[in-house]
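Let me begin by presenting the structure, written as structure tokens, before commenting on it.
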Amino acid sequence: MAETVFQKIIDREIPADIVYEDDLCLAFRDVTPQAPTHVLLIPKKPIESIDQIADEDAELLGHLWITIRKLANELNLDAGYRVVVNCGKDGGQTVDHLHFHLLGGRAMAWPPG
Ligand code: 5GP
């Protein structure tokens, strides 16, 4: 798997506005925010997309979801928020490292584009 921009952020090769980090994951603000709060949460393990999640990743995925809940609380998204995971070309994925978009601070439209 080619090194992605997110791997470079994990390795501190390029800067990012990091809002949370632990042994398993990293969260940082999206460089092109689509909402007043737009944070990306990524596993440090280089999983390309939802399609590459393995059975052994179940505990890691649980940790990511719990981290999202804590981040939403810390970022004061009390009125609600949206979590988006794009997968593949039709899903709109542009960076091949699994990432969760945490969006909040405004009301979201439905259906998504
Ligand atoms: P995707 O389209 O793959 O679901 O989302 C990729 C996201 O990564 C986009 O929202 C894009 O703005 C963000 N992004 C791409 N390159 C960088 C970068 O170098 N730094 C940060 N902070 N975000 C990035």
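For clarity, every value in this text was computed on a predicted model and none was experimentally measured. In this chain, numbering begins with 1 at the start of the sequence shown.
Side-chain polar atoms of Asp30 and Gln34 form no donor-acceptor pair below 3.5 angstrom.
In summary, the aromatic rings of Phe28 and Tyr20 are positioned with their centroids too far apart to meet the 6.0 Å limit. The ring of His99 has its center no closer than 6.0 angstrom to the ring center of His97.
Clustering ILVMFWY residues whenever any of their side-chain heavy atoms sit less than 4.5 angstrom apart, transitively, puts Leu102 in the very cluster that holds Leu24. Note on Ile42 and Ile50: separate hydrophobic clusters, where clusters join Ile, Leu, Val, Met, Phe, Trp and Tyr whose side-chain heavy atoms are under 4.5 Å apart, directly or indirectly. Hydrophobic clustering of Ile, Leu, Val, Met, Phe, Trp and Tyr side chains at less than 4.5 Å, counting indirect connections, unites Val83 with Leu98. Val85 and Leu77 fall within a single hydrophobic cluster, where Ile, Leu, Val, Met, Phe, Trp and Tyr are joined by side-chain heavy atoms under 4.5 Å apart, directly or via other members.
Within a 6.0 Å sphere centred on NZ of Lys45, other residues, nucleotides and ligands contribute more than 12 heavy atoms. The environment of Glu59 atom CD is sparse: at most 12 non-hydrogen atoms of other residues, nucleotides or ligands sit within 6.0 angstrom.
Rounded to the nearest 0.5 angstrom, His38 NE2 and Leu103 CG are separated by 4.5 Å. Note that CG of Asp96 is 7.5 Å distant from OG of Ser49, once rounded to the nearest 0.5 Å. To the nearest 0.5 Å, the span separating CZ on Arg29 from OG1 on Thr37 amounts to 6.0 Å. A distance of 9.0 Å separates CZ in Phe6 from CD1 in Ile14, rounded to the nearest 0.5 Å. Distance CG/Leu41 to OG1/Thr67: 6.0 Å, rounded to 0.5 Å.
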Q: Begin from the C-alpha positions of Asn86 and Val84 and carry the test side-chain contact (heavy atoms from CB on, under 4.5 Å) through to its verdict.
A: CA-CA 6 Å; Asn86 297 323; Val84 174; 3.4 Å; yes

Q | Worked verdict on Leu64 versus Phe100 for side-chain contact (heavy atoms from CB on, under 4.5 Å) | A | CA-CA 9 Å; Leu64 294 174; Phe100 295 73; 3.7 Å; yes

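At least one donor-acceptor pair under 3.5 Å links the side chain of Gln93 to the backbone N or O of Glu48. Without hydrogens or angle criteria, Lys44 side chain to Asp22 main chain gives a donor-acceptor distance under 3.5 Å.
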